[in-house]
Structures are given as structure tokens and as C-alpha cells.
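FYI, side chains are in, hydrogens and waters are out, and symmetry mates aren't considered; it's all heavy atoms of this structure. Keep in mind that what you see is a predicted model, and the values were worked out from it rather than measured.
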Amino acid sequence: MHDLTAPLSHGDYNLFRSDVVEGLSRPQKTIPCRWLYDERGSDLFEEITRLEDYYPTRAETAILRARQPELQQFAGPGPILIEYGAGAGVKTELVLESLAEPRGYVPIDVAHEYLLQTAHRMERRFRSLWVRPVERDFMSAFEMPTGMPAGRRVGFFPGSTIGNLDAAEAEAFLSQMLRHVGPDGAAIVGVDLVKQVETLLRAYDDSKGVTAQFNLNLLARINRELGGDFRLDHFRHLAKWNDADRAVEMHLLSLTDQWASIGQRRFQFREGETIHTESSRKYDREGFGALAERAGWRVSQAWKDDKRLFCVFALSP
Ligand code: AVI
């Protein structure tokens with residue numbers, strides 16, 4: 001999901017512009033969270049994952065490390081790992097190391113540079129591994145590459161990225177993953193858990209202000225790439241808990257009555273009005289289990305960290 005380098009293609013430019021214009025025309029202004037990840041946004045997100053206040057990356061890595069023997073047993077001998085939204089592939093090495101003689105690795109991401117870097121790194125690190133990067137948005141419908149070696153296919157979706165999908169998207173994603181791995185396959189999915197609201201809000205409004213920069217960078221990107229004239233100092237980052245959706249939401253709060261333009265289009269903002277830029281849904285075991293079941297999976301194992309902040313689910317068809 002991380003767009004590392006490339007300037008927007010014509011098609012992406014049109015999509016970005018129409019998503020922003022359409023989203024800012026709604027009663028609750030909103031911009032899809034995928035646009036947070038330009039080069040600067042991707043760098044800021046990597047910085048977030050290293051913050052003390054942002055616990056999910058640390059907790060998930062600790063689980064994957066502690067459960068290496070169980071992961072190996074779950075995946076079986078000679079598996080093929082399929083990683084959705086591979087990005088920089090930070091946790092990939094940890095999982096590939098756990099597996100017994102993995103035969104293949106298929107990283108999937110829209111970020112060309114990250115994808116190739118990760119693919120090459122894994123090829124060098126695991127000499128006999130069959131590696132085929134797939135440059136696709138993991139939410140689009142697509143097929144696995146041809147010529148995959150025989151072996152159990154294991155889908156890998158770490159980082160609680162599933163939390164950034166709404167219920168329908170999450171179910172569609174899990175269904176497609178099941179189609180990709182087939183009836184003999186498996187999946188490993190990292191999911192952030194519901195917890196004290198205070199802990200959640202600290203993770204999404206960190207004391208160093210990196211998440212605030214990450215969120216405000218979206219307005220800088222609109223100014224730069226779409227010719228907008230947003231005044232960044234007239235907006236503030238806001239993280240809030242939506243109890244009905246069980247999600248932490250990021251918003252950009254207008255600090256004053258103001259107008260902003262994108263080309264010929266003008267948008268009015270009232271003081272206190274917000275642009276909703278991301279939802280990060282949190283689950284419990286039952287809630288995620290029910291979602292997985294609707295998509296044709298069953299929970300085989302659910303591994304939590306010591307503080308029960310995060311859960312890695314092992315799913316079977
Ligand atoms: C990528 N995704 C799982 C992150 C999350 O926690 O929802 C994105 C993020 N937004 C703010 N901080 C991190």
C-alpha cells in the first residue's frame with residue numbers, strides 16, 4: 001500500500017482528483033486513506049511504526065518471533081508465502097525464516113520500488129526460493145502468477161491493514177485470499193485488538209507528532225499534486241474513537257471558517273468541521289472469527305502478545 005517513489009500516472013492522477021473532489025463534496029467530508037501514502041507519507045508511516053506510542057508493529061513482531069515453531073507447524077513443509085501489501089517486507093524475513101524450506105514467495109504491492117527491493121532481498125537471503133512480485137492493489141481482483149511451484153499456499157496479511165478496510169471490503173479481501181490459496185491453503189493475518197481507548201488514541205496521536213504530520217501531509221500532497229491551496233496551519237490532526245464502528249478515526253479538523261480550492265473547485269469549511277481520512281478498526285477474537293467465517297475461513301489458532309494488545313490469527317479453509 002505504500003507508494004514509495006513514482007509520480008502519479010495519468011490514471012492515478014484522475015483517480016486521486018476525483019476521490020478528493022467527490023469526498024470533499026459529501027456532508028461528512030472524507031478522503032480514502034490510500035492517498036496518505038505518497039513518498040513522504042510512506043516515510044512518515046515507517047517512522048510511526050518505530051514510535052514508542054505506536055504499539056502494533058512491536059507487538060506483532062514479538063508474536064511472530066515467539067511463535068516461530070507454531071508457524072512452521074501450521075504452514076507445513078515447503079509452503080509458498082503470498083504477502084498482501086508487502087511494502088518494505090519487514091516482517092517477511094521473520095516469517096520465511098520460521099517456515100520449513102519455503103518454496104516460493106509472492107509479494108503483492110502497488111509500490112513498484114518497495115516491491116522489487118523486497119523481492120530481491122528475499123531472493124538473496126533465501127537462495128532456492130521461487131520469487132514472483134505482483135504489482136497490484138491487493139483490493140483489486142487478480143490471479144496468482146502462473147508457474148507457481150507445488151506446495152501449500154499461505155496468505156500473509158500483517159500489520160492490521162485489515163483494520164483499514166470496512167466490513168464489506170474485509171470480507172471481499174478474505175474471500176479473494178481464500179480463492180488464491182485454494183482449499184488446501186492457509187492464512188496468517190495480523191489484527192489489532194480492542195483495548196483501552198486511552199492506549200488507542202495515544203497510538204494515533206503520538207507525543208512526537210509524527211501521526212499528525214502523516215495526516216496533514218495529505219493536504220500538502222493535494223496542494224502539490226492537484227494544485228490545491230489548503231493552508232496547513234488552518235487544520236489540526238484529530239484522532240477519535242468511534243464506538244459504534246469500533247475504530248480509531250483520523251480526521252483533519254478545520255480551525256476556522258475557511259475556503260480551499262482545487263483548480264476551479266472551491267470547498268467551504270466551517271470552524272470545527274472535519275475531513276475523515278482513515279478508520280482503523282479494532283477487533284476481538286469473536287468479531288474477527290465471525291468475519292473470517294463469513295469469508296469461508298475458520299480460526300485455527302489465535303496468538304496474542306503478553307499484554308494482549310495484538311493478535312496473529314492462523315486461518316484454515
Ligand atoms: C497501515 N495501517 C494498518 C495503519 C493503522 O494503524 O491503521 C496506518 C496508520 N494510521 C495512523 N497510524 C498508522
Side-chain angles (χ1 to χ4, degrees), residues 1 28-34 36-37 41-67 90-91 157-167 169-170 189-219 232-255 271-291 302-313:
M1 78 186 292
Q28 168 60 69
K29 294 180 169 65
T30 179
I31 299 175
C33 64
R34 60 188 295 232
L36 290 164
Y37 300 91
S42 300
D43 287 347
L44 286 165
F45 176 64
E46 291 302 324
E47 204 177 324
I48 288 171
T49 63
R50 293 191 294 272
L51 291 171
E52 186 60 35
D53 289 339
Y54 190 75
Y55 61 82
T57 311
R58 238 183 1 266
E60 184 179 46
T61 307
I63 298 168
L64 293 174
R65 196 160 277 136
R67 298 295 181 168
V90 179
K91 291 156 200 151
F157 195 39
S160 200
T161 304
I162 195 140
N164 298 134
L165 310 180
D166 67 27
E169 289 169 334
V189 182
V191 178
D192 195 14
L193 299 173
V194 176
K195 58 184 63 66
Q196 266 200 338
V197 171
E198 202 193 332
T199 310
L200 286 167
L201 293 184
R202 209 179 320 121
Y204 289 83
D205 192 6
D206 65 274
S207 55
K208 293 199 169 144
V210 184
T211 311
Q213 285 180 59
F214 173 64
N215 199 6
L216 282 159
N217 176 59
L218 183 57
L219 297 182
L232 271 62
D233 56 341
H234 284 186
F235 288 87
R236 182 168 73 73
H237 167 67
L238 174 72
K240 67 178 185 189
W241 175 243
N242 179 329
D243 205 37
D245 286 357
R246 302 190 111 188
V248 179
E249 293 181 354
M250 292 206 311
H251 291 254
L252 290 161
L253 174 77
S254 176
L255 296 173
E271 182 181 343
E273 188 179 357
T274 70
I275 310 172
H276 179 195
T277 52
E278 183 188 69
S279 285
S280 200
R281 288 167 190 79
K282 309 301 168 188
Y283 290 93
D284 54 25
R285 198 197 137 105
E286 292 66 39
F288 184 76
L291 167 66
W303 298 301
K304 294 182 186 165
D305 58 297
D306 294 348
K307 293 185 186 149
R308 306 184 151 274
L309 296 170
F310 200 93
C311 188
V312 173
F313 287 88

So the ring-ring contact (aromatic ring centres under 6.0 Å, His included) pairs with at least one residue in residues 191-211 (sequence neighbours excluded) are Y54-Y204
Excluding sequence neighbours, so at least two apart, what forms salt bridge (Lys or Arg N to Asp or Glu O under 4.0 Å) with D284?
R246
What residues, two or more places apart in sequence or in another chain, satisfy salt bridge (Lys or Arg N to Asp or Glu O under 4.0 Å) together with E169?
none
Across all chains, not counting sequence neighbours, the side-chain contact (heavy atoms from CB on, under 4.5 Å) partners of R308 are K304
Among residues at least two apart in sequence or on other chains, which ones pass side chain to side chain donor-acceptor pair (under 3.5 Å) with D53?
S207
Would you say D206's side chain and T211's backbone share a donor-acceptor pair under 3.5 angstrom?
yes
Kindly give the heavy-atom pair with the smallest separation between L193 and C311, and that separation in Å.
CD2-CB, 3.7 Å
Set of residues satisfying side chain to side chain donor-acceptor pair (under 3.5 Å) with respect to D243, sequence neighbours excluded
W241
Set of residues satisfying side-chain contact (heavy atoms from CB on, under 4.5 Å) with respect to L216, sequence neighbours excluded:
L219, F235, L252
Contacts of D205 that satisfy side chain to side chain donor-acceptor pair (under 3.5 Å) - sequence neighbours left out:
none
Quick one: side-chain hydrogen bond (donor to acceptor under 3.5 Å, both in side chains) pairs with a partner in residues 190-203, sequence neighbours left out?
Y55-D192, Y55-K195, D192-K195, D192-K282
Listed by chain and number, what are the side chain to side chain donor-acceptor pair (under 3.5 Å) partners of E60, not counting sequence neighbours?
K91
If the condition is ring-ring contact (aromatic ring centres under 6.0 Å, His included), which residues does H276 pass it with, not counting sequence neighbours?
H251
Atom of L253, atom of G272 and distance for their closest heavy-atom approach
CD1-O, 3.3 Å
Given side chain to side chain contact (heavy atoms under 4.5 Å, CB included), test F45 with L36 step by step and report yes or no.
CA-CA 9 Å; F45 176 64; L36 290 164; over 6 Å; no
ring-ring contact (aromatic ring centres under 6.0 Å, His included) against F214, all qualifying residues, sequence neighbours excluded
Y37
Indicate yes or no for a side-chain donor-acceptor contact from T277 to the backbone of M250 under 3.5 Å, with no hydrogens or angles considered.
yes
Just wondering, are more than 12 heavy atoms of other shown residues or ligands nearer than 6.0 Å to CG in D233?
yes
